[in-house]
There are 2 protein chains.
Amino acid sequence: MICEMRRLPPLAAVRAFEAAARTENFTAAAAELGMTQAAVSYQVKSLEERLGAPLFVREKGRAKLTPLGSRLLPALTGAFDAIEAAFASHRQEDETLLTVTTTHTFANTWLAWRLGGFQMEHPDLAVRMTTSNEVVDLRSGEADIALRAGRGGWEGMEEHELFASTFTPMAGPQCIAQAERKLGRPLEPGDLASETLISPGDEWWEQWFADNGVVAGEQAMRRPGVRLDNQANEGHAAMAGQGFALLTPLLWKGDVAAGRLVIPFPDRLSARGWAYWMVYPKERRMIPKVKRFREWLLAEMAAALATDSLDLEGARPPA
Amino acid sequence: MICEMRRLPPLAAVRAFEAAARTENFTAAAAELGMTQAAVSYQVKSLEERLGAPLFVREKGRAKLTPLGSRLLPALTGAFDAIEAAFASHRQEDETLLTVTTTHTFANTWLAWRLGGFQMEHPDLAVRMTTSNEVVDLRSGEADIALRAGRGGWEGMEEHELFASTFTPMAGPQCIAQAERKLGRPLEPGDLASETLISPGDEWWEQWFADNGVVAGEQAMRRPGVRLDNQANEGHAAMAGQGFALLTPLLWKGDVAAGRLVIPFPDRLSARGWAYWMVYPKERRMIPKVKRFREWLLAEMAAALATDSLDLEGARPPA
DNA sequence: GCAGATCATAAGGCCATCTTATCGATTCTG
DNA sequence: CAGAATCGATAAGATGGCCTTATGATCTGC
């Protein structure tokens, strides 16, 4: 093993010396360090004893640096400045940069549309949004807050349930129109068994078909089809007329309102048993930027939920 | 007052973090720092709490740096390296450079002639000799050892008396010859009253005249004459035939032996009540270079004194 | 599945470090 | 020149930061 042995004097003593040397005044140094003059005197003396050489000459009631002390001082000042700068830059960044991590889906369909509002309300914060799938982000300090789907119960985390993860089939208007033209009547759940599905192999299709008594659903699920890796992509594919996708109504309100997506069976809503959560380490809950984001998000979410969810025509402009 | 407030985390924690981060291994870091793994864990944790952000991600029983930790590490390593280097250079210099401070006189007449011998015996030491008159040199660390004239009793200093500071008139041989030719007989103490003195106003002339019952000495002392500021210069002036100087026999042995200086009254020796001393701070007596020089000097001095003192113009060995 | 390595944590002790108080020396000031 | 103010050294005493020991949990490799 590489044992790069360091031989350093006690750092508390070095620190006291540096401050004392910089001012050539033990009393002032003590004030700067938040301790007493006696403590500085003690530390300086102990450092001198350790070095076996004097750092100050005491004369006429003052302390003046010896040549050795003068030689030592600049390097030490530089070193402490470097340490301070390292932590200061962290603190600076930590106070002014808020990083939110979330899923592609939630980012795309909800957060990205509203994050500008938060930024407007808090111009002193730099906001960064990243998308990823690991909750580890929080433990490793890569993000301050996570917005995630799951069942909750993350160890050591403060959690706020935002909304339940429900889903129902949606498709582009032309897709619906075409199907109904073909059938000559409004769509019914069972009809989807013969329509093109997006991510047909998905277990949630199985659940939805079961929830709605569609036995023939399995055929549709076995048909080849595009398999996409997140709901955001599925939604966009649906809007592009690629078929029916299972989507969470809350997340697509805007597109539904704008007519880009149609919900054929507004009352045929399934639930995953999941929810979306806002999550952050318990111990960071009092940090200002975390607090501000939490409050903003909860208000925003409340507004989003306030619109009658079944009355799905629409995303309302956020309060 | 300029209160350049620094906000630094506890340095012990920073130090532990730096070592732990460098190796990404708390156990190894603990070994390097000479403490236990538990202590490193404790310190790292305390630093993380202070920062409000994790520095390591603990997973699979290992600790891996977070991005924040990685960003911090280089600056901290650099800072500690700088501190280490500062003290190391001092230590290096302190171990290999021996500085002796002494008077012009002793340097000129004794030490300079023999210091080469010490250097030969200790080629690993760099030896530096400076001449000055302040004992403060030692307290300020400018020199390791002082060779000084005085009465002893320096506070906090280890002292070795080397030899008593005695003196007797000396002059160049031509000067003596000229005077005796003029008188037609060997010189006697009283004759100096009408000879040219070097530094005639010096109180030691007064003492020497008194010690030797020369009442008329005062005349000579009031005559104008060159006043030199140290015995080295006075001795050289005497050798140049400028007159009679009061010199310490031990210091001029070589010149006397070579015939460049003559001692007209070898038994008319006065003492100043002073001695020459080797002096150094008590607490430094065990430092190798100090020890080595001390032993060398005492041996050298013993050798110099070993030659029968009365036979040789009479320096007496100190008690 | 056991041995070995690594980190976390609890409990407890102790000494380094700090504070308070006081003194002596020097400098400032009216 | 006296008194006030400033500054550093030092003694005595308190405390809590820091370290150790001991143990547990987790992961890896044989």
Side-chain angles (χ1 to χ4, degrees), chain A residues 1-3 8-51 54-66 69 136 139-141 155-156 281-283, chain B residues 1-3 8-51 54-66 69 136 139-141 155-156 281-283:
Chain A
M1 182 211 300
I2 305 161
C3 189
L8 288 182
L11 291 174
V14 179
R15 179 147 168 56
F17 162 71
E18 192 271 343
R22 197 149 26 76
T23 57
E24 291 209 337
N25 180 329
F26 288 17
T27 311
E32 179 183 324
L33 298 175
M35 50 196 205
T36 60
Q37 171 271 126
V40 173
S41 176
Y42 167 87
Q43 292 289 12
V44 168
K45 186 177 177 186
S46 81
L47 185 58
E48 288 177 319
E49 271 163 14
R50 183 185 184 94
L51 294 184
L55 294 166
F56 291 93
V57 192
R58 281 76 163 178
E59 57 182 3
K60 304 176 193 257
R62 303 294 147 109
K64 283 186 62 65
L65 275 176
T66 60
V136 177
R139 289 271 76 117
S140 74
E155 183 98 21
K282 267 202 173 62
E283 67 274 15
Chain B
M1 185 210 300
I2 306 161
C3 187
L8 288 181
L11 291 173
V14 178
R15 179 146 169 58
F17 163 71
E18 192 271 342
R22 198 150 24 78
T23 56
E24 291 209 338
N25 180 329
F26 288 17
T27 310
E32 178 182 324
L33 298 176
M35 51 195 201
T36 60
Q37 170 271 127
V40 173
S41 177
Y42 166 87
Q43 292 289 12
V44 168
K45 187 179 177 185
S46 80
L47 185 58
E48 288 177 319
E49 271 164 14
R50 183 185 184 92
L51 293 184
L55 294 166
F56 291 93
V57 192
R58 281 75 163 178
E59 58 182 1
K60 305 173 193 274
R62 303 293 147 111
K64 281 185 61 66
L65 274 177
T66 61
V136 177
R139 289 269 79 117
S140 74
E155 184 98 18
K282 266 202 173 64
E283 66 275 15

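Below, read A as the first sequence line, B as the second, and so on, with proteins coming before strands; counting in each chain starts at 1.
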Rounded to the nearest 0.5 Å, how far does CZ of A:Phe56 lie from NZ of A:Lys45? 14.5 Å

Report the distance from atom CG of A:Leu11 to atom CD of A:Gln43, rounding to the nearest 0.5 Å. 10.5 Å

Quick check: does any side chain N or O of A:Glu48 sit under 3.5 Å from a backbone N or O of A:Leu55, one acting as donor and the other as acceptor? yes

What are the bounds, 5' to 3', of the part of DNA chain D that sits under 4.0 Å from heavy atoms of chain B? D:dC18 to D:dT28

Heavy-atom pair of closest approach, residues B:Ala13 and B:Ser46: CB-OG, 4.0 Å

Let me know, please, whether A:Arg62 or B:Glu48 comes out on the 5' side of the other along DNA chain C by nearest nucleotide. B:Glu48

Is there a side-chain contact between A:Pro10 and A:Arg50 (heavy atoms, below 4.5 Å)? yes

Taking every heavy atom of A:Ala20 against every heavy atom of A:Val40, the minimum-distance pair comes out as CB-CG1, 4.0 Å

Check the pair B:Phe17 / B:Leu65 against side-chain contact (heavy atoms from CB on, under 4.5 Å), numbers first and verdict last. CA-CA 10 Å; B:Phe17 163 71; B:Leu65 274 177; 3.9 Å; yes

Its contact letters, B for base, S for sugar-phosphate only and - for none at protein heavy atoms under 4.0 Å, make nucleotides 9-20 of chain C read B------SBSBB

For the helix from C:dG1-D:dC30 to C:dG30-D:dC1, what angle lies between the axis at the first five pairs and the axis at the last five pairs, to 10 degrees? 40°

B:Thr23 OG1 to B:Glu18 CD distance, which is reported to the nearest 0.5 Å: 9.0 Å

Ionic contact status for A:Arg58 with A:Glu24, cut-off 4.0 Å: no

Check: A:Val57 main-chain N/O paired with A:Thr66 side-chain donor or acceptor under 3.5 Å: no

